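This report concerns only the one structure given below.
Everything quoted here is computed from the prediction, not taken from an experiment. One is the number of the first residue; the rest follow in order along the sequence.
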Amino acid sequence: QVQVVESGGGLVQAGDSLRLSCAASGRTFSSYAMGWFRQAPGKAREFVAAINSSSVSLTYASSVKDRFTISRDGAKNTVYLQMNSLKPEDTAVYYCAASIRSRTLRNSYEYDYWGQGTQVTVSS
């Protein structure tokens, strides 16, 4: 069983930056692919970014590409989402997810473990 806990959300202004963290339990963290998703009020959960187990492969949603960066620190069992140039449309609850599959994954159904989410609110 893997537990995933997000942190780092908050209220910021448009143009600001935030870094979300996702701490995962378990000694096999290095073998898991990790991803970030978000869900805005009244909308479906959507893919944001993903990283494979070796950190070689990264993929992003087109709406965040060139503004967000996903990374992972194996020593800390943590995945990060650096968010720059935030926009009001980035407002959502952000979820971290872990998959026993090692490759980068864009579909939520391919993830096995989910965190409770952290709120990000961007004011205009």
Side-chain angles (χ1 to χ4, degrees):
Q1 187 74 11
V2 175
Q3 290 188 322
V4 178
V5 180
E6 306 95 337
S7 62
L11 171 63
V12 298
Q13 293 186 330
D16 285 350
S17 298
L18 267 181
R19 189 177 78 160
L20 304 183
S21 298
C22 170
S25 65
R27 289 178 288 181
T28 56
F29 172 76
S30 62
S31 67
Y32 287 89
M34 302 294 294
W36 286 96
F37 291 76
R38 68 186 181 186
Q39 187 166 18
K43 295 188 177 181
R45 188 172 299 189
E46 65 175 1
F47 168 76
V48 176
I51 187 168
N52 74 336
S53 59
S54 62
S55 301
V56 171
S57 177
L58 313 175
T59 185
Y60 298 92
S62 57
S63 59
V64 306
K65 190 170 175 148
D66 297 329
R67 297 189 299 122
F68 291 11
T69 302
I70 188 171
S71 61
R72 64 192 296 163
D73 184 336
K76 297 181 178 180
N77 280 14
T78 300
V79 173
Y80 302 100
L81 185 67
Q82 177 66 44
M83 306 186 294
N84 299 328
S85 302
L86 283 161
K87 305 175 181 180
E89 50 264 44
D90 293 318
T91 295
V93 176
Y94 283 71
Y95 297 91
C96 178
S99 173
I100 60 174
R101 302 161 187 81
S102 60
R103 67 187 189 280
T104 49
L105 304 164
R106 300 174 68 96
N107 299 305
S108 59
Y109 62 80
E110 296 181 288
Y111 286 86
D112 305 287
Y113 306 101
W114 291 81
Q116 293 299 308
T118 185
Q119 176 71 47
V120 172
T121 303
V122 184
S123 63
S124 58

Practice task
Output yes when Arg103 and Glu110 qualify as a salt bridge under the 4.0 Å nitrogen-oxygen rule, no when they do not.
Solution key: yes
Practice task
With side chain to side chain contact (heavy atoms under 4.5 Å, CB included) as the test, would you mind laying out the steps for Phe68 and Leu86 before giving the verdict?
Solution key: CA-CA 9 Å; Phe68 291 11; Leu86 283 161; 3.9 Å; yes
Practice task
Would you check if Leu11 and Gln119 make a side-chain contact, meaning some heavy-atom pair closer than 4.5 Å?
Solution key: no
Exercise for the section: Taking all heavy atoms of Ala14 and all of Ser124, pick out the closest pair and write down the distance. Expected result: CB-CA, 4.4 Å
Problem - Closest heavy-atom pair and its distance - Tyr95, Gly115 - result: CD2-O, 3.6 Å
Handout entry: Listed partners of Arg106 passing salt bridge (Lys or Arg N to Asp or Glu O under 4.0 Å), at least two apart
Key = none
Handout entry: Atom pair CZ/OG1 of Phe47 and Thr59 - distance to nearest 0.5 Å
Key = 4.5 Å
Practice task
Find out whether Arg38 and Glu46 are in side-chain contact, i.e. whether some heavy atom of one side chain is under 4.5 Å from a heavy atom of the other.
Solution key: yes
Handout entry: Inter-residue atom distance Asn77.CG - Ser30.OG, 0.5 Å rounding
Key = 8.0 Å
Practice task
Compare every heavy atom of Gly9 with every heavy atom of Val120, then report the nearest pair and how far apart it is.
Solution key: CG2-CA, 4.1 Å
Problem - Whether Tyr113 side chain and Ile100 backbone form a donor-acceptor pair below 3.5 Å - result: no
Exercise for the section: Heavy atoms only: give me the nearest Tyr32-Ser99 pair and the separation to one decimal. Expected result: CD2-O, 2.9 Å
Exercise for the section: Mind checking the CG-CG spacing from Asp90 to Asp16? Nearest 0.5 Å is all I need. Expected result: 11.5 Å
Exercise for the section: For Thr69 and Tyr60, work out which heavy atoms get closest and say how close. Expected result: CA-OH, 3.3 Å
Problem - Hydrophobic cluster membership, Leu81 vs Leu58, 4.5 Å side-chain cutoff - result: yes
Practice task
Mark yes or no: Arg72 above the aromatic ring of Phe29, with NZ or CZ under 6.0 Å from the six-membered ring centre and no more than 45 degrees from the axis.
Solution key: yes
Exercise for the section: Say whether, by atom type as modelled, one donor and one acceptor occur between the side chain of Thr91 and the main chain of Val122 under 3.5 angstrom. Expected result: yes
Handout entry: Arg19 to Tyr80 six-membered ring, cation-pi geometry met (6.0 Å, 45°)
Key = yes
Handout entry: Side chain proximity check, Met83 to Trp36, heavy atoms < 4.5 angstrom
Key = no
Problem - Leu20 vs Glu6 side-chain heavy atoms within contact, under 4.5 Å - result: no
Completion exercise
Heavy-atom nearest pair, Cys96 first then Met34, reads SG-CE, 3.7 Å
Practice task
For Ser25 and Gln3, indicate whether the former's side chain and the latter's backbone hold a donor-acceptor pair under 3.5 Å.
Solution key: yes
Exercise for the section: With side-chain hydrogen bond (donor to acceptor under 3.5 Å, both in side chains) as the test, would you mind laying out the steps for Ser57 and Thr104 before giving the verdict? Expected result: CA-CA 6 Å; Ser57 177; Thr104 49; 3.3 Å; yes
Problem - same_hphob_cluster(Val2, Ile51) at 4.5 Å side-chain heavy-atom cutoff - result: yes
Practice task
State plainly whether one hydrophobic cluster holds both Leu18 and Val79, where clusters connect Ile, Leu, Val, Met, Phe, Trp and Tyr through side-chain heavy atoms under 4.5 angstrom apart.
Solution key: yes
Practice task
Calculate, to the nearest 0.5 Å, the distance between atoms OG and CZ belonging to Ser31 and Arg101 respectively.
Solution key: 12.5 Å
Problem - Pairwise side-chain contact, Val4 with Cys22, heavy-atom cut-off 4.5 Å (strictly under) - result: yes
Handout entry: Ser17 vs Asn84 side-chain heavy atoms within contact, under 4.5 Å
Key = yes
Exercise for the section: Please answer: with hydrophobic residues joined when any side-chain heavy atoms are less than 4.5 Å apart, are Trp114 and Val93 in the same cluster? Expected result: yes
